[in-house]
Asker: 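Got a structure for you, questions after.
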Amino acid sequence: MNKVPMTVAGEQNLRQELEQLKSVERPQVIAAIAEAREHGDLKENAEYHAAREQQGFIEGRIQEIEGKLSSSQVIDVTKLPKTGKVIFGVTVELINLENDEEVRYRIVGEDEADIKSGKISVTSPIARALIGKEESDVVVVKTPGGEVEYEIASVEHL
């Protein structure tokens with residue numbers, strides 16, 4: 001089984017979601033099913049069918065999270081030596097060489113990626129182009145709109 005890289009924060013978020021599902025949402029849906037059963041005929045009971053469907057979603061998500069956590073490799077970049085090299089978990093500041101625009105990205109696991117908060121997946125084209133490069137290197141990223149050149153301004157272990 002392949003190990004899936006994950007940051008410490010990503011692991012904590014998944015564990016919190018798993019706890020929420022197991023301790024809050026699962027008991028609520030079980031109670032809703034029991035209440036719907038008391039209303040009688042289950043064939044025509046929309047509340048019962050909705051609760052059973054919700055239970056399916058919850059159980060599926062619990063299995064999905066448990067699977068991800070069991071195959072995860074948690075990487076804490078704050079404990080790794082600072083070499084100036086781009087690796088999983090670091091925060092990278094880039095300068096677009098065409099328009100001098102600066103952007104900051106943190107390279108995270110697939111489940112943690114959120115471009116709006118500056119987190120990009122390690123499997124994204126930008127991250128794949130950056131991995132292994134060092135500060136002040138120029139990197140060419142192939143995007144749907146064409147190639148974009150970035151200079152790596154800084155690499156931070158946050």
Asker: For T7, is there any backbone N or O sitting under 3.5 Å from a side-chain donor or acceptor partner on E112?
Answerer: yes
Asker: Is any side-chain heavy atom of V139 closer than 4.5 Å to a side-chain heavy atom of L94?
Answerer: no
Asker: Can you find a heavy atom in the side chain of V103 that is under 4.5 Å from one in the side chain of N96?
Answerer: no
Asker: About how many Å separate CZ of R61 and CD1 of I65, when rounded to the nearest 0.5 Å?
Answerer: 4.0 Å
Asker: Are the side chain of S121 and the backbone N or O of T123 linked by a donor-acceptor pair below 3.5 Å?
Answerer: yes
Asker: Considering only heavy atoms from C-beta outward, does the side chain of E53 approach that of H49 to under 4.5 Å?
Answerer: no
Asker: One pair to check against salt bridge (charged side-chain N to carboxylate O under 4.0 Å, His left out): E156 and R106. What are the steps and the verdict?
Answerer: CA-CA 9 Å; E156 300 173 44; R106 180 160 187 209; over 6 Å; no
Asker: Tell me if the NZ atom of K85 is crowded by more than 12 foreign heavy atoms within 6.0 Å.
Answerer: no
Asker: Would you find a donor on one side and an acceptor on the other, under 3.5 Å apart, between the side chain of D76 and the backbone of V8?
Answerer: no
Asker: With a 4.5 Å heavy-atom cut-off, do Y105 and T91 have their side chains touching?
Answerer: no
Asker: Determine whether K22 and E66 make a side-chain contact, defined as any pair of heavy atoms from C-beta on separated by less than 4.5 Å.
Answerer: yes
Asker: Any heavy-atom pair between the side chains of L18 and I62 that's under 4.5 Å?
Answerer: yes
Asker: Evaluate the side-chain proximity of L80 to I75: yes if any heavy-atom separation is below 4.5 Å, no if none is.
Answerer: yes
Asker: Rounded at 0.5 Å granularity, tell me how far OH in Y150 sits from NZ in K133.
Answerer: 15.0 Å
Asker: Would you check if the side chain of R104 reaches a backbone N or O of E93 as a donor-acceptor pair within less than 3.5 Å?
Answerer: no
Asker: Indicate yes or no: at least one non-hydrogen side-chain atom of L14 is less than 4.5 angstrom from one of E17.
Answerer: yes
Asker: Check for a donor-acceptor pair, side chain of E151 on one end and backbone N or O of I95 on the other, with a separation under 3.5 Å.
Answerer: no
Asker: Please check if V90 and V4 belong to a single hydrophobic cluster, counting links between Ile, Leu, Val, Met, Phe, Trp and Tyr side chain heavy atoms closer than 4.5 Å.
Answerer: no
Asker: First locate atom CD1 of I120, then atom CD1 of I126, and finally report the distance between them rounded to the nearest 0.5 Å.
Answerer: 5.0 Å
Asker: Side chains of Q12 and R15: donor-acceptor distance under 3.5 Å anywhere?
Answerer: no
Asker: Decide if atom NZ of K82 counts as having more than 12 heavy atoms of other residues, nucleotides or ligands within a radius under 6.0 Å.
Answerer: yes
Asker: Enter the distance from T83:OG1 to E135:CD here, rounded to the nearest 0.5 Å.
Answerer: 9.0 Å
